[in-house]
Amino acid sequence: MKSLQDKLKKEIAALLQDSHDLSGVDISFSLPAERKFGDLSTTLAFTLAKKTGSKPFVLAGDIAARLQGKLAAVAEVRVAGGGFLNFFLHRDDFFLAQRRSLAEAWTAPARREKVIVEHTSINPNKSAHIGHLRNSCLGDTLARCCRFLGYEVEVQNYIDDTGIQVADVVWGLLHYRRMDLEAIRRIPDLAAYLWELYAEVNRLFADDEALAAQRREVHKKIEEKTEPEYGTCRHVAEQVLLDHVRTMERLGIHYDLLARESDVIALDFFKAAAAELAGRGVMVPSSDPEKQGCLVIHYDREKIEKIIVRSNGTITYVGKDIAYNLWKFDLLGRDFHYRPFHIYPDGRPIVMTSSAPFGAPPARSFGKGQRIYNVIDVRQSYLQNLIAQVLVQLGHPEAGANFVHFSYEMVALTPACVREMGLTLEPGEESKPYIEVSGRKGRAVKADDLIAMLEKKSLREVGARNPELPEADARKLSRVIAVAALRYFMVKFNLNTVIAFDFKEALNFEGDSGPYLQYAVVRLNSILKKAAAADMDAAAGAAGLAPLPEGERELYWELVLHLSLLEVQVEFALQNHELSSLATYAYGLCQKFNHYYHLFPVLAEPDPILRSLRLGLVLLFKHKIEAILSLLGIEVPERM
RNA sequence: GCGCCUGUAGCUCAAUGGAUAGAGCGUUGGCCUCCGGAGCCAAAGGCUAUGGGUUCGAAUCCCGUCAGGCGCGCCA
């Protein structure tokens with residue numbers, strides 16, 4: 001459908017260029033609301049009417065007359081509803097083209113552009129929680145969509161291994177729990193241990209100003225590389241990072257590069273950025289007496305000045321982030337060193353930045369992106385917008401335009417959910433619609449815990465349906481189902497919808513859920529397998545839709561049309577930053593498939609022509625749904 | 001105070017400015033001698049918070065009101 005729409009646009013533009021002014025008009029198509037309105041619809045006449053001040057219906061009639069019989073793929077053009085232009089396709093041609101396309105693998109148009117997707121970027125001081133899961137699931141799906149559309153994609157995960165958050169737990173380990181590095185190394189599940197410790201020390205800091213001062217002291221020692229604080233910090237950051245990488249790996253989420261803040265600092269990235277910032281007058285000494293000695297950037301949009309270099313000479317988070325993002329666009333004139341970090345089971349490596357050369361340089365180059373997606377929640381819009389502004393001010397308008405804050409709303413907990421977890425509500429919170437997730441307050445659902453709950457429930461469901469399945473197979477299967485449930489749940493909401501987390505909904509395997517999609521494909525595959533075993537041929541005999549009984553033909557055709565939209569849907573999702581539309585599309589296709597095969601039996605159909613047409617449709621469903629599911633990171637099991 | 005976002009069925013959410021606002025959950029009632037019931041079919045449920053405006057056309061855009069959320073730090 002994608003190629004057909006592109007072709008139609010060109011044909012229509014050519015046919016109308018002498019009679020109508022199409023400049024600045026983007027011809028767009030949609031599937032009409034009802035089948036009786038045809039197969040493809042455009043509101044072109046309305047758009048042109050607005051431009052010229054003429055009547056849409058009259059204009060549509062004129063356009064229809066000019067297009068009638070001139071478009072190769074179109075049997076008829078009709079006007080309806082006051083000015084809609086509705087196209088009726090040559091159905092057999094379109095259908096057969098769709099069938100043929102199954103034989104060839106979908107090849108995305110070649111694009112030279114390199115896309116960098118930064119996602120996850122969790123502070124390495126405790127286990128990941130459900131808020132982080134939304135980030136990673138969105139980021140990974142985004143990366144998969146970009147790859148599908150032919151972009152070269154590099155996935156980066158930014159590690160703030162120098163911040164005060166890590167210092168908090170380092171203080172907790174060394175000075176509160178009074179452990180030495182050896183004892184710390186022996187902690188079995190460090191990330192989970194720190195989950196508790198982080199919440200505990202933050203309760204202490206809140207009540208005791210002296211302790212809070214100690215924490216800042218530890219932070220300073222880490223920056224000055226004083227032992228044992230520095231070594232402990234390195235150990236903690238690396239171990240917890242590994243824990244995050246493993247958690248995400250369970251969900252099929254992979255990274256190419258782990259970029260560490262400590263390396264941004266060690267390699268003086270900010271110095272290079274600062275020279276530019278100061279040289280162009282973007283970063284200036286503050287005129288505010290309260291910010292004496294600070295270097296600031298004036299943020300136009302908010303009409304405030306943001307501190308970049310503190311009066312003590314240290315660099316703020318934004319400053320480091322500006323340098324890092326300049327590097328992503330290859331606008332810094334510097335590069336990291338690199339070292340191997342981890343190898344995924346499929347053999348792909350994760351590389352980590354390094355402040356010093358480490359063995360042979362990596363085979364591939366990092367950074368140098370033409371387009372940057374930063375998957376970061378909406379609460380950082382302010383800073384992300386500032387970075388975009390700075391890119392433009394430094395004379396890189398194209399980078400500014402290709403810098404995308406892929407912003408999404410947070411995951412929160414319902415008050416009921418907080419109570420369910422055995423945590424207490426503060427006064428007034430009971431009446432709130434939702435409560436912010438907070439690692440600091442220990443108020444969050446741990447990612448690993450949620451995955452474990454999903455696997456447990458999944459195992460129970462699998463066991464009930466497949467009592468003869470060996471334990472190992474059942475466990476493997478339940479993992480695949482758990483991942484589907486989680487990943488689908490995390491992308492099915494619009495980006496600016498706050499997910500008020502609820503166990504019942506997240507653990508739902510019915511209806512609008514990942515397992516429902518898997519189940520549909522498992523059923524569909526089962527039909528195809530049985531057909532193959534019985535030597536039934538999906539491609540036999542059918543030269544068109546004519547053999548289908550009238551009642552079935554309309555439905556069949558509608559399904560072919562919807563199935564043809566895959567590429568259109570992925571492009572739409574990417575352009576509109578709405579990955580949820582993909583989830584909705586996938587769900588809709590599965591519903592349509594379930595509906596169809598309940599109405600029209602495939603294997604039991606005695607007429608071989610009819611049967612092979614139905615099998616052909618099942619095959620189309622298989623290819624399209626499996627393609628979207630792979631974009632969503634959902635595997636299709638053999639059985640379930 | 002300033003900025004951004006949200007308000008749609010009992011609940012959770014969909015819906016390129018387009019044709020009769022759709023799903024899931026929940027409720028009620030059907031469907032397994034039938035390709036696997038994590039399924040299918042049907043019913044009930046809506047003044048799209050509210051008042052104006054723009055438009056051939058508004059849940060969607062603009063202005064106001066009400067209600068809620070999030071930002072605005074020499075934290076990251």
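Chain A is the first sequence line, chain B the second, and so forth, proteins listed ahead of strands; every chain is numbered from 1.
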Centroid distance under 5.5 Å and plane angle under 30°, A:Phe46 vs B:C56: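 It does: the ring sits over the base of B:C56.
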B:G3 pyrimidine/purine six-ring stacking with A:Tyr382, under 5.5 Å and 30°: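 Here A:Tyr382 fails the 5.5 Å or the 30° condition.
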At 4.0 Å (heavy atoms only), tell me whether [X] reaches a base, stays on the sugar-phosphate, or touches nothing.
| X | value |
| --- | --- |
| A:Val462 | base |
| A:Tyr516 | sugar-phosphate |
| A:Ser381 | nothing |
| A:Asn312 | nothing |
| A:Val378 | nothing |
| A:Leu31 | nothing |
| A:Met410 | sugar-phosphate |
| A:Asn86 | base |

Whole-Å gap separating C1' (B:G71) and CD (A:Glu409):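 Interatomic distance, CD of A:Glu409 to C1' of B:G71: 10 Å.
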Distance in angstrom units between A:Asp512 CG and B:G39 P, rounded: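 Atom CG in A:Asp512 sits about 11 Å away from atom P in B:G39.
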Any donor-acceptor N/O pair under 3.5 Å between B:A19 base and A:Ser41 side chain: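 For A:Ser41, whose side chain was compared with the base of B:A19, there is a donor-acceptor pair (under 3.5 Å).
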For RNA chain B, the dot-bracket pattern of Watson-Crick and G-U pairs whose distances stay under 3.5 Å, | for other-strand partners: (((((((..((((....[...)))).(((((.......))))).....(((((..]....))))))))))))....
Pairwise side-chain contact, A:Leu59 with A:Pro56, heavy-atom cut-off 4.5 Å (strictly under):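 Contact flag for A:Leu59/A:Pro56 side chains = no.
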Qualifying ring-ring contact (aromatic ring centres under 6.0 Å, His included) pairs with a residue from residues 505-529 of chain A, counting only residues at least two apart or across chains: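 Residue pairs passing ring-ring contact (aromatic ring centres under 6.0 Å, His included), neighbours aside: A:Tyr516-A:Tyr587.
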Backbone N/O of A:Thr120 and side chain of A:Asn157: donor-acceptor pair under 3.5 Å: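 No; judged by distance alone, with no hydrogens or angles, the pair does not exist.
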